Structure formats: C-alpha cells, structure tokens
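The block underneath contains the structure these notes are about, expressed in structure tokens.
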Amino acid sequence: MIITRFAPSPTGTLHIGGVRTALFNYIYAKQNNGKFLVRIEDTDQVRSKTEFEENIITGLHDMGLKPDADPVRQSERKHLYLDAAHRIIESGQGYYCNCSTERLEELRNAQMKAGKKPMYDGKCRDKGLEKSENTVLRLKTPNDGEVRFNDLVRGEVVFNNSELDDLILLRSNGTPTYHLCVVVDDADQGVTTVIRGEDHLSNTPRQMHIQQALELSALEYAHLPLVLGENKKRLSKRDSVTSLDEYISKGYLQTSMINMLGRLGWSKGDKEIFYIDDLLKDFRIQEVQKAGAVFDLKKLDWINTNHLANLSLEDFIIQLNPYLDELGIKTSNRQNAETIIENLRTTASTLSEIAIDLIPYFADIKEYDQKSVEKFIAGSKNILEYVLRQLEPLDQWTEQALDEVLAKCQKELDLKTPQLNQPIRVALVGSVKSPSLGLTLSLIGKELSLERIKKGLEMTF
RNA sequence: GUCCCGUUCGUCUAGAGGCCUAGGACACCGGGUUUUCAUCCCGGCAACAGGGGUUCGACUCCCCUACGGGAUGCCA
C-alpha cells in the first residue's frame with residue numbers, strides 16, 4: 001500500500017507551498033488507495049510553537065486534506081530515534097566525534113578558500129572515541145560509489161558519495177537531528193513515498209545512507225519545484241502573501257485554493273477549472289513541471305470568480321455569511337436578503353469584497369465615493385427632487401413599476417439614461433456600482449430608497 | 001567558492017526531430033453587449049536565455065556560457 005506524508009515543522013503558519021505539498025501527497029495516496037499521514041516535525045524546541053501546529057492542522061482541515069491517522073509529533077517519539085542511533089553504533093556504522101565547532105568552522109573556511117566543497121574531513125572517523133559530553137554521533141558515509149534514485153518528477157538523480165560527508169546523527173546534547181528523525185519516522189510509519197519540496201533534493205542521498213545503515217528499504221521520492229513569489233524567488237513573507245489563512249480571510253474558496261495549487265506546475269489539456277475530484281482523476285505527479293512556478297494572484301482571482309459562480313445560491317450564502325458577520329452585517333433584518341445577494345454575487349472576485357459591496361443594502365452607507373458624488377450628485381438637485389416626487393406616491397414598489405416611473409421621468413426631463421440614472425444610483429448606494437437602477441431601487445425598498453435620495457439631495461448645491 | 005537542479009509569451013503552461021506561421025489560459029490593450037459596475041462576446045499584443053554542434057530538418061538530442069533556484073548547519 002502507498003503511504004505518503006506531509007511533515008511540516010510548526011515554526012510558522014501553514015503557507016501555500018506547504019498546502020501544495022500536502023495536496024500532492026494527499027492526491028497521490030488517494031489515487032493509489034493508500035494513506036495520507038501528517039507528522040509534526042517539532043524537534044526545534046526554540047522555534048516550534050503549538051499555535052503554529054494548530055494553525056497547520058486547521059489549515060489542512062479547511063482544505064479538506066484529511067489525514068488517515070492522527071498526526072504524530074516527533075517530540076513525542078525521541079526513544080525511537082535514540083534506539084536507531086544505538087543500532088548504528090552497535091553495527092559500527094557510526095562514530096563519536098569531538099571536533100569543536102571552531103575547528104569545523106576553520107575547516108569549512110579553508111576548504112572554501114581552496115575552491116572545494118566544505119565538508120567534514122573525517123578526523124575522528126577511526127579514532128574509536130567513546131561517547132562523552134562534547135561528542136556528536138556521526139554516520140560513516142561511504143567514501144566512494146554513488147547513490148541513485150528515481151525521482152517521480154525529475155527522473156533518475158545521481159549523487160557521488162564523495163560529495164557527501166559524515167553527517168551528524170546525534171548532537172552533543174544527545175538529541176537527534178532532522179535526518180535521523182525523518183528516516184526513522186518514515187520507516188516507523190510505513191511511509192512508501194516521500195513527496196516534498198525541491199529544497200530537500202540534496203538531503204535525499206544523506207537520508208538514503210541512514211536508511212542503508214539501518215537496513216531499511218528504500219523509498220520512492222518526488223521532489224516538487226518550489227512555489228515562487230512575483231520576484232521569481234522562493235515565496236517569502238517579505239514580498240507576498242504566503243499564509244493560507246490570509247487567503248481564506250480574504251474570501252478565496254477552499255476549492256479555489258486547491259484548483260490554483262493543483263494547476264500550478266501542472267496542466268491537463270486546456271482545462272483550467274479543477275475540483276479535488278478532477279485532480280484525483282487526472283493529476284499525475286510524473287507530469288509536474290521541473291521548474292519553480294510563480295503564484296499569480298490575478299489568476300487566483302479569476303479562478304475564484306469561476307468557483308464562486310459555480311456555487312448554488314444556497315451554498316454561496318453559506319460561504320458568504322462569515323464575511324458578512326465580519327463586517328457586522330445582519331441580513332435577518334431584510335426579508336429579501338436572498339434576492340439581494342443573488343443579484344450582487346458577481347460584483348467582485350472574493351467573498352470579502354462582495355460582502356463590502358453588500359453594505360448599502362443591509363446597513364448605512366459607510367462612505368460615499370467622492371468622485372461619483374462630485375460628478376453625478378453635486379449638480380443634480382433638480383433631477384433628484386423630481387424623481388423623489390414621482391417615487392413618493394408609488395405604491396407598487398416593483399422593478400417593473402419602477403422602470404416605468406424612471407422612463408417617464410427621463411422623458412419628461414429630456415435626459416439621456418445615464419444622466420438620470422447615475423445621480424440616483426450614487427444617492428442609493430454611494431457609488432456607481434449597482435445592478436440596473438429599477439432593480440436596485442426594488443432591492444433597497446421604498447422607505448430606504450426615499451431616505452437615501454433625500455440624503456443625496458443634501459449633497460447638492 | 002563547490003555540488004545539485006532548472007530555463008517556451010509579463011505569469012501558469014502545450015509541445016517527446018518535420019503536425020510550429022510555436023497552441024491554450026490569466027494579465028494587459030482595443031472593440032461590442034450592458035443605463036453604471038461586474039459578467040459575457042469578439043479581436044490584438046506577446047515567448048523557444050545565448051552560442052556551438054548532431055541531423056536533410058531542432059523548441060525538441062549533445063556540449064559550453066549566462067541567468068535563476070536549492071544545498072553546503074550540533075535548522076528543519
């Protein structure tokens with residue numbers, strides 16, 4: 001059975017690159033009737049925070065990437081790593097080293113100066129030192145030969161052992177390092193396929209050596225190209241929005257994020273809109289691009305517009321509600337709330353912006369667009385007064401009736417449509433953004449419409 | 001510095017030696033529909049990093065250079 005895993009370290013919130021890695025792991029597992037696991041790599045006690053761990057777990061949950069077992073924490077499995085380290089010592093494949101960090105530093109500098117690759121020179125390799133307070137445990141890495149593996153996205157990858165040094169397995173304080181933990185955990189959890197970021201590519205041969213020392217079977221690998229920011233550099237908080245929760249709070253749908261991330265670095269014909277089921281059916285990890293891919297916010301907007309449009313009204317409202325709540329908007333005070341939302345649902349590409357556009361229909365206008373006021377209201381006293389007089393006696397406040405009144409006004413005042421409509425529109429919603437005028441009036445209702453027009457009148461001269 | 005990986009329109013990509021006058025999508029620009037906005041429709045702009053090979057023929061294969069990224073930690 002195929003078992004994949006997503007192994008984040010809780011040193012920050014879940015970012016979109018991580019979501020993509022998790023997504024691909026999830027898809028690959030599901031496509032093979034396998035399991036998708038989550039492992040929290042929290043061995044860095046200084047930087048790891050439980051709040052980040054929670055953020056990651058809820059983020060995965062929000063994305064619908066449900067693990068097939070409860071997440072495990074490396075901090076709770078130390079005994080496994082120490083056990084493994086012990087076996088490596090016993091089998092003579094590791095050794096204690098007491099080289100000081102100063103010596104290592106000097107060594108590195110000297111090697112770089114000489115134009116060589118910096119690596120540990122194996123000074124303590126055959127000394128047979130005993131464990132003591134200032135010794136680390138190193139792995140005896142083969143000096144020659146090569147490691148090769150077949151990467152699902154890159155094809156065959158080869159590393160010369162001569163490029164690899166004896167890496168540290170146990171720190172002098174006795175704690176295990178990342179490489180040991182990863183290898184031990186993957187084996188313990190029965191992981192068969194490691195799908196991770198390209199930044200781990202050169203870690204792979206090291207980990208394979210640990211596997212060999214532990215007599216573990218080799219794994220299948222897929223190294224994903226990195227998600228890049230607009231500057232073509234690795235996505236960083238400095239220059240772009242990286243955190244999943246920021247996208248969620250801006251009002252991008254879960255399905256849009258999945259679509260965007262799944263389509264990033266991969267394609268299927270001319271298709272652009274994918275839901276998780278489409279990905280499960282068509283995605284092939286072998287088809288993902290080898291080069292890094294820029295995360296394009298404009299494209300995300302477009303994708304979200306499409307996903308929003310595909311929602312039923314009922315689902316749309318369910319998705320929208322939290323954003324309305326966020327603005328303190330109550331839709332319960334209007335019996336035609338659904339109709340309003342139905343007619344305004346395409347005003348923007350994110351739920352948070354749509355919620356903002358809905359303010360005039362459910363609450364007081366927060367602010368009038370000054371330009372529109374100057375352009376359309378300021379000099380329209382006569383128009384507004386006239387329309388107000390025509391509207392006041394109207395009993396049938398329906399779109400059709402309103403359109404008729406409007407048409408009549410236009411004829412009698414001898415105005416072009418926008419000349420009549422725009423001033424009224426701005427008075428009604430505070431900007432030039434609204435559905436057709438008759439509809440807008442009917443949505444807002446008689447009482448409030450008249451009130452707004454009177455208020456508009458106060459802005460004229 | 002050294003090692004590894006990568007390089008098609010601004011962006012995501014199609015392209016596995018002749019199908020390429022390099023296709024699609026987003027963005028952008030123009031036009032149309034719409035009383036405004038959004039939607040929608042039509043059209044346009046725009047790329048094989050550079051140089052050498054191999055071949056009758058190269059975006060596709062090989063080499064070099066350039067550029068970008070990653071690794072080089074008692075971080076993960």
Side-chain angles (χ1 to χ4, degrees), chain A residues 7-11 41-44 46-48 74 97 99-101 104-105 108 111-119 134-138 151 154 157-160 162-165 167-179 181-182 197-206 223 225-226 228 230 232-234 260 263-273 289-303 305 309 344-349 354 357 372 376 403 406 410 415-422 424-426 429 431-438 440:
Chain A
S9 55
T11 54
E41 309 216 318
D42 56 352
T43 52
D44 185 335
V46 185
R47 295 194 299 152
S48 294
Q74 285 190 328
C97 161
C99 291
S100 65
T101 43
L104 263 21
E105 184 74 14
R108 262 195 289 276
Q111 287 166 328
M112 275 172 69
K113 215 169 178 179
K116 287 186 182 164
K117 182 172 182 163
M119 41 188 204
N134 57 357
T135 55
V136 297
L137 177 68
R138 285 184 187 271
D151 191 287
R154 271 146 223 288
V157 182
V158 185
F159 286 89
N160 283 319
S162 60
E163 299 294 335
L164 274 17
D165 62 2
L167 81 172
I168 295 174
L169 264 20
L170 251 32
R171 301 187 185 95
S172 50
N173 67 5
T175 59
T177 59
Y178 164 72
H179 293 291
C181 297
V182 170
E198 188 188 50
D199 47 340
H200 287 287
L201 188 62
S202 39
N203 287 335
T204 306
R206 300 167 186 284
H223 287 93
L226 269 16
L228 274 22
E230 274 176 296
K232 282 260 181 189
K233 293 220 192 311
R234 186 180 183 160
M260 180 70 189
R263 177 60 235 278
L264 196 62
W266 175 82
S267 68
K268 172 81 180 175
D270 290 346
K271 197 169 155 87
E272 294 288 348
I273 300 301
Q289 205 79 16
K290 292 184 186 70
V294 175
F295 190 86
D296 185 358
L297 294 167
K298 288 280 179 49
K299 180 123 182 196
L300 211 214
D301 279 340
W302 178 81
I303 288 175
T305 301
L344 275 289
R345 61 183 282 183
T346 61
T347 58
S349 56
I354 293 170
D357 289 334
S372 302
F376 297 113
D403 278 340
L406 255 14
Q410 190 180 337
L415 293 170
K416 295 206 158 115
T417 318
Q419 288 177 307
L420 174 80
N421 286 11
Q422 291 300 66
I424 306 171
R425 191 188 310 278
V426 176
V429 301
S431 75
V432 293
K433 279 180 82 171
S434 99
S436 73
L437 195 55
T440 305

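Letters go in sequence order (proteins before strands), and every chain restarts at 1. Given the structure is predicted, the values throughout are model-derived calculations rather than measurements.
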Check: protein-nucleotides 64-66 of chain B nitrogen or oxygen pairs below 3.5 Å:
none

Could you list, one pair per line, each protein nitrogen or oxygen that sits under 3.5 Å from a nitrogen or oxygen of nucleotides 7-9 of chain B, together with the distance?
none

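Counting only heavy atoms from C-beta on, W302(A) has its side chain closest to A25(B) among C5(B), A71(B), A25(B). Listed nucleotides: C74(B), G1(B), A76(B). Nearest to the side chain of S172(A): C74(B).
Within the 4.0 Å cut-off from OP1 or OP2 of A76(B), at least one side-chain nitrogen or oxygen of T43(A) is found. Residue R108(A) places at least one side-chain N or O closer than 4.0 Å to OP1 or OP2 of G73(B). Contact between the side-chain N/O atoms of R171(A) and the OP1/OP2 oxygens of A76(B) is found at a separation under 4.0 Å.
Few gaps surround NZ on K271(A); more than 12 heavy atoms of other groups in view lie less than 6.0 Å from it.
The side-chain contact (heavy atoms from CB on, under 4.5 Å) search around V294(A) returns L228(A), K232(A), not counting sequence neighbours. The side-chain contact (heavy atoms from CB on, under 4.5 Å) check on E163(A) picks up K117(A), N160(A), with sequence neighbours excluded. Scanning for side-chain contact (heavy atoms from CB on, under 4.5 Å) contacts around R263(A) gives N259(A), S267(A), E272(A), F274(A), K299(A), with sequence neighbours left out. Partners of D165(A) by salt bridge (charged side-chain N to carboxylate O under 4.0 Å, His left out), not counting sequence neighbours, listed by chain and number: R206(A).
Base-pair partner of C9(B): not found among the strands shown (Watson-Crick or G-U wobble, both distances under 3.5 Å). Across all strands shown, G73(B) remains unpaired; no Watson-Crick or G-U wobble contact has both distances below 3.5 Å.
Along RNA chain B, the nucleotide nearest D44(A) and the nucleotide nearest L226(A) are compared for position; the residue whose nucleotide lies closer to the 5' end is L226(A). A residue-by-residue look at C99(A) and L437(A) shows that L437(A) has its nearest nucleotide of RNA chain B further toward the 5' end.
Atom-to-atom distance recorded for L344(A):CG and S434(A):OG is 8.0 Å, nearest 0.5 angstrom.
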